Amino acid sequence: SRKVSADIRYLGKKGRLDDCFRVFEQGGVRNKYTYTNLIDACVRCNQLHRAKEVFRRIREDGIVCDTTTYNVLIRGYGRAGRLRDVFDTYNMMLQHEVRPDEFTLSTVISACVHKNMTEEVLRVFKDVRDQGVLLGRPTYNHLLSVLCHSGRVAAAQDVIACMRSDKIIPDSNTFTTLMNGFVRSAHPEKALEVFNDMQQLGLPANAVTYTSLILMYGRLRKISEAFACFDTMVREGVPPDEITYNTLVDICVEANDLDHAVKAFELLKKDPNLQGKISARTFTALMRAYCQDHRIDDALNVLDEMDKAEVKPNTHTYSVLLEACVRSGHAQLAPQIWERMLKSQVTPDSIVYTTYIKCLGKTGKLEEALAVIEDMQKRGLRPDEGVFTTLAEVCIAGGDVAAAHNVLNRLQTQNFRRT
RNA sequence: AGUGUAGCAGGCAUA
């Protein structure tokens, strides 16, 4: 049983879901461990419908599942953004008298980030605490981050009080987490207050802390303050890391400030700690800056620069480029770029495919666009809702309504809900 | 035995 479970887990992490099922069936061991690992594998491979099916089979087999089984399923729903199912599963768990634990809380929190579901999160927090479970610092930090994100300052203060009564002293990470929550809330400037509190308590700020501050200035469209913050960081002896630079470039792009984006990129090049090593992520950020300015040539130059530096582009690189082609009226360049992508051994994902379909549609290549589905399947990729939706739009724009219907019918057979 | 846990980018949908 242990071996079967371990194999399923290993294969699931590798994305080899069919092998997981094979091992499960052939292993002949059916208990809560093998079942739970199988569900987990389905979730990791984004095959929620199979996860649900396995969960149903547990019951039919008369096996009692435990907290972990529910946690794994909840995580699956959370990743799919299906919040109602998250809480339905949670309630089912309580009904069956399976006790939620720290993992449950943390999983629910992850599911609720970016959604305004703080009441529900607080309820789970209360349930778990009522069980007498002592929570660790990471879980508290996680919880605080969601609360700040939703602007629930008072609730966050209550949680900090709970933390202290559990003898967990808020540390630098706690404060940084609070800042991050606020930066993404409706009131990014609150992050600065937290930063000041932190300084007063004498807690050290690290690269994450300063990067959050930089992001805050970006959100407030204060680019020069963001750069000043970067200078302070360096002066205080906190070495910026790659994410700091990426953030700097990104906020300039958001603010439509190409000059500063280039400046941030130059700063990175000069950083002795990074030794001139520039990742695909960073190059892509710079490309976005040019793309936003409709400077496709310059964006393509960045691609050349990557080749020269022997940095392999990734799927983001190409989706950014292709999207820029659509937006800047250069969709005719797409097939060339696509070939270049394949040549550099980048395996396109659904997002790159969707963007490519947009390009093909814009240049009236309906046939090619429709052929994309087969191309994806040949690669063992399951087209997602975005691919189908875009393809249908392209058909309609091309005046072929029948083809659009066809696409939507296929979408239904693929187990997707139509939106 | 198994699940979660501080900062970054792309299409579609959603507001």
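The sequence lines fix the lettering, A, B, ..., with proteins before strands; numbering per chain opens at 1. As the structure is a prediction and not an experimental result, all values here were calculated from the model.
Within 4.0 Å (heavy atoms only), A/T390 reaches sugar-phosphate atoms of the nucleic acid but no base atom. Among the heavy atoms of the strands lying under 4.0 Å from A/T315 is at least one base atom, whether or not backbone atoms are also near. Across all strands, A/N116 comes closer than 4.0 Å to no nucleic acid atom at all (heavy-atom distances). A/T68 comes within 4.0 angstrom of a nucleotide base, judged by non-hydrogen atoms across all strands. The residue A/T139 sits close to a base: some heavy atom pair falls under 4.0 Å. Residue A/T69 is classed as a base contact, given a heavy-atom separation below 4.0 Å to a base. At the heavy-atom level, A/V352 lies under 4.0 Å from base atoms of the strands shown. Backbone-only contact: A/R9 has heavy atoms under 4.0 Å from sugar-phosphate atoms and none from a base. A/R327 comes within contact range of no nucleotide atom at all, as no heavy-atom separation falls under 4.0 Å. Within the nucleic acid shown, A/E102 comes within 4.0 Å of at least one base atom, counting heavy atoms only. Counting any heavy atom pair closer than 4.0 Å across all strands shown, A/S212 reaches no nucleic acid atom. At a threshold of 4.0 angstrom between heavy atoms, the contacts of A/T317 with the nucleic acid are absent. At the heavy-atom level, A/T389 lies under 4.0 Å from the strands shown only through sugar-phosphate atoms. Among the atoms of the strands shown, none is found under 4.0 Å from any heavy atom of A/T104.
Of all nucleotides listed (B/U5, B/C8, B/G10), B/G10 comes nearest to the side chain of A/V320. The side chain of A/N31 sits closest to B/A1 out of B/G7, B/A1, B/G4. Set against B/U3, B/G7, B/A9, the side chain of A/K13 has B/U3 as its closest nucleotide. Side chain of A/H316, nearest nucleotide from B/A6, B/G10, B/G11: B/G10. When the nucleotides B/G7, B/C8, B/G2 are ranked by their closest atom to the side chain of A/R281, B/C8 comes out on top. If you check B/C8, B/A6, B/G11 against the side chain of A/K358, the one that comes closest is B/G11. When each of B/G4, B/G7, B/C12 is scored by its nearest atom to the side-chain atoms of A/E393, the top-ranked nucleotide is B/C12. Comparing B/G7, B/U3, B/G10 by their nearest atom to the side chain of A/D101 picks out B/U3.
On a pure distance criterion of 3.5 Å, no polar donor-acceptor pair joins the side chain of A/N206 and the base of B/G7. Judged by atom type and distance alone, A/S172 does not reach the base of B/A6 through any side-chain donor-acceptor pair under 3.5 Å. One can find a donor-acceptor pair under 3.5 Å joining the base of B/G7 and the side-chain atoms of A/D241. In this model, a side-chain donor or acceptor of A/T354 finds a partner on the base of B/G11 within 3.5 Å. The base of B/G7 sits with one of its N or O atoms less than 3.5 Å from a complementary donor or acceptor on the side chain of A/T211.
Distance CZ (A/R99) to P (B/G4): 23 Å, rounded to an integer number of Å. When the C1' atom of B/C8 is taken as reference, atom CG of A/N314 falls 13 Å away, rounded to whole Å. When the P atom of B/C12 is taken as reference, atom CZ of A/F388 falls 17 Å away, rounded to whole Å. Atom pair A/N71:CG and B/U3:P shows a separation of 11 Å (rounding to whole Å applied). Atom OH of A/Y33 is separated from atom P of B/U3 by 12 Å (rounded to the nearest Å). The CH2 atom of A/W338 sits 16 Å away from the P atom of B/G11 (whole-angstrom rounding). Here B/A9 presents its P atom at 21 Å from OH of A/Y318, a figure rounded to the nearest Å. Rounded to whole Å, atom C1' of B/A6 lies 6 Å from atom CG of A/N180.
For the residue pair A/T177/A/T174, the side-chain donor-acceptor check at 3.5 Å is not satisfied. A donor-acceptor contact under 3.5 angstrom links the side chains of A/Y35 and A/D61, judged on distance only.
Residue-environment remark: CD (A/E25) exceeds the threshold of 12 foreign heavy atoms within 6.0 Å. Counting heavy-atom neighbours within 6.0 Å of A/R137 CZ, excluding the residue itself, gives a total above 12. Atom CZ of A/R79 is surrounded by more than 12 heavy atoms from other residues, nucleotides or ligands within 6.0 Å. Few gaps surround CZ on A/F21; more than 12 heavy atoms of other groups in view lie less than 6.0 Å from it.
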Can A/K312 and A/M306 be said to form a side chain to side chain contact (heavy atoms under 4.5 Å, CB included), step by step?
CA-CA 7 Å; A/K312 191 182 161 192; A/M306 290 175 82; over 6 Å; no
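For A/R82 and B/U14, the shortest distance from a side-chain N or O to OP1 or OP2 is not below 4.0 Å. Remark: A/K32 is not in phosphate contact with B/G2, judged by side-chain N or O atoms under 4.0 Å from OP1 or OP2. Contact check, A/R79 against B/U3: no side-chain N or O comes under 4.0 Å of OP1 or OP2.
At a threshold of 4.0 Å, the pair A/R16-A/D7 does not count as salt-bridged, since none of the basic side-chain nitrogens sits closer than that to a carboxylate oxygen.
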